[in-house]
Amino acid sequence: MRPSTPLTTRATLLAATSLFSLAAGASIDPIVISGAKFFHQNSGDQFFIKGIAYGSDYVGVGAGTDTKGGFTDVLANPAGCQRDIPYFQELNTNLIRVYDIDSTANHDECMSMLANAGIYVLADLSNPDTSITSNDPEWTDTLYASYAAVVDVMAQYDNTFGFFAGNEVATQPNNTGSAPFVKAAVRDMKAYIKQQNYRSIGVGYATNDNTYIRVLLADYFNCGDQTDAIDFWGYNIYEWCGQSTYATSGYQARTEEFMTYSVPSFFAEYGCNTIEPRIFEEVGALYGPNMSPVWSGGVVYEYFQAANDYGLVTLGSNSQITTLPGFQNYKTQIAKVSPSSVASSAYTPSNQPQACPSSQSYFRAQPTPLPPTPNEELCSCMYSALTCAVNPSTNVQEYADDFGYICQHSPNACLGFQHSSGTGTYGAYSMCNATQQLGWAFNYYYFVNGKASTACDFGGHGQLRTPASLSSTCKSLLAEAGGKGTNTVTSSPSGTGAGAAGSAGSASGSSGSSSGSTSHGAAGSIAVMRSENAFAAMMCVVMLAMVSGFAAVLL
């Protein structure tokens with residue numbers, strides 16, 4: 001480990017220019033997409049990512065501002081940004097990937113300093129508290145609101161490069177059933193950006209490198225209606241370790257697989273550490289003549305040193321940065337690159353979207369339809385219209401027995417919220433929270449059993465009431481969902497991310513669908529689930545297994 005270059009030396013110029021840019025307003029040329037390449041919007045020059053993962057896996061002193069119980073938002077810490085940007089510049093960095101954004105925090109100072117340094121931000125929409133899980137996937141009102149809220153706070157900055165709607169969610173054949181839920185998130189966040197009249201910002205997905213499904217997943221997220229498809233593809237890849245070659249590392253095979261891909265593809269994480277110190281010889285290949293016509297660069301994993309031993313720098317208790325051997329090695333390699341480029345005016349896209357994979361042993365999901373767009377208004381309207389609802393005193397921990405009983409004895413009562421990517425079946429209320437779904441089942445059971453008072457008891461968990469007077473909008477939404485809740489609702493959500501986040505679950509007073517996990521590639525998996533929702537998630541798997549055989553998809 002060599003001594004760090006003094007922080008004051010690196011930061012002096014940044015401090016002076018940052019103060020000016022904050023006062024005058026930083027200016028940076030936004031990145032746009034054309035075919036399979038990125039370009040600067042105004043200059044038309046092609047953009048190659050020379051990125052670093054600036055993640056929150058490291059949560060030591062000074063890494064960021066701990067704004068949430070489960071993660072750290074590094075862009076909410078101006079002092080940290082000012083400290084780290086000179087090191088980014090020393091590595092010729094033009095993009096950082098940030099895994100966790102707190103939508104309630106202020107990011108103006110960091111984003112302005114980064115823009116002044118010519119650095120863009122690729123932001124993950126999920127976080128450890130709210131994300132689509134691999135083995136019990138949902139795309140819910142709560143997740144929609146959380147993702148949209150991140151879009152709201154980041155879309156205002158010209159140096160926001162794009163968003164990832166998922167990171168390593170479908171990781172192996174037996175959990176590819178989660179892919180449609182992520183693709184639905186891509187579809188809905190693209191539509192949300194357009195609905196809010198934000199500038200064009202791409203939404204993509206970051207995949208792991210599983211031999212059996214990597215091509216199938218790439219095809220799936222690129223195929224079909226392009227309003228549903230990804231805008232770019234990120235590949236978390238660690239195939240080149242130590243001294244290797246373009247052919248033997250696997251890079252040649254991966255490049256050949258993406259030669260006809262119709263949207264930009266890049267390495268969302270790279271930098272194998274099985275041989276240390278990392279020498280980063282793969283950098284020359286990635287930006288060289290064999291790969292640069294296909295790949296748009298990559299993001300080195302990662303900036304801060306953590307337990308996984310991928311860091312380029314360490315952060316001391318006094319907030320002092322110390323560079324590691326990999327820092328200098330990467331600096332040497334990235335300084336050599338000069339990828340061949342094309343101006344946007346001279347580029348005519350020719351690649352076509354891939355064909356959708358057929359459902360098979362390695363890909364266990366139907367390409368269409370996708371899960372429905374979360375619509376909190378629909379869920380709220382439905383719950384307001386119920387005659388038999390959930391008694392407010394019922395604890396969410398007690399829901400499992402009620403779901404199990406109803407779905408076994410009156411399966412049609414549960415059709416409105418069943419979801420199975422293996423069969424392509426999604427109830428209109430599959431995005432609603434657990435209380436709303438249970439209320440729907442109670443009410444359905446009550447009516448098919450002749451509206452007997454005992455048919456709305458459920459051991460005191462049910463409660464008869466007078467339905468609310470419905471607006472014309474509510475009536476229209478419920479008509480679209482149909483009497484069994486199995487129709488497709490095409491009306492778009494009307495709320496923004498911030499508004500939806502504030503009202504999710506308001507119809508019932510509790511939410512049973514806010515669960516999530518996230519994976520930071522080589523860092524391993526992080527799974528965080530609120531206690532009341534862990535039980536609800538388990539209950540849903542059991543209940544859906546009885547209704548539709550959904551559990552078989554996960555085997």
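If you read the sequence from its start, that first residue is 1, and numbering goes on from there.
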Heavy-atom donor-acceptor pair, Thr93 side chain to Leu95 backbone, under 3.5 Å: no
Distance in Å, Asn329 CG paired with Thr323 OG1, rounded so as to fall on 0.5 Å steps: 10.5 Å
Inter-residue atom distance Arg214.CZ - Asn236.CG, 0.5 Å rounding: 13.5 Å
Electrostatic pair Asp225-Arg187, nearest N-O below 4.0 angstrom: no
Ring centers of Tyr120, Phe38 separated by less than 6.0 Å: no
Any donor-acceptor pair under 3.5 Å from Asp29 side chain to Gln41 backbone: yes
Polar side-chain atom of Gln305 near backbone of Gly311 as donor-acceptor pair, under 3.5 Å: yes
Which side-chain N or O atoms in residues 291-299 pair as donor and acceptor under 3.5 Å with protein atoms at least two apart or in another chain?
| from | atom 1 | to | atom 2 | distance (Å) |
| --- | --- | --- | --- | --- |
| Ser292 | OG | Gly288 | O | 2.8 |
| Trp295 | NE1 | Thr255 | OG1 | 3.0 |

Separation between CG of Asn433 and OG1 of Thr140, rounded to the nearest 0.5 Å: 9.0 Å
Aromatic plane relationship, Tyr310 with Tyr238 - under 30° parallel, 30 to 60° tilted, over 60° perpendicular: perpendicular
With sequence neighbours excluded, residues passing side-chain hydrogen bond (donor to acceptor under 3.5 Å, both in side chains) with Lys183: none
Heavy-atom donor-acceptor pair, Lys190 side chain to Ala229 backbone, under 3.5 Å: yes
Separation between OH of Tyr303 and CG of Asp84, rounded to the nearest 0.5 Å: 3.5 Å
From CD (Glu109) to CE (Met113), nearest 0.5 Å: 6.0 Å
Pairs touching residues 130-226 that satisfy disulfide bond (SG atoms under 2.5 Å apart), sequence neighbours left out: Cys223-Cys356
NZ/NE/NH1/NH2 to OD/OE distance under 4.0 Å, Arg97 and Glu302: no
Test log, rule side chain to side chain donor-acceptor pair (under 3.5 Å), inputs Ser131 and Asn127: CA-CA 6 Å; Ser131 62; Asn127 61 63; over 6 Å; no
Distance in Å, Asp158 CG paired with Met111 CE, rounded so as to fall on 0.5 Å steps: 9.0 Å
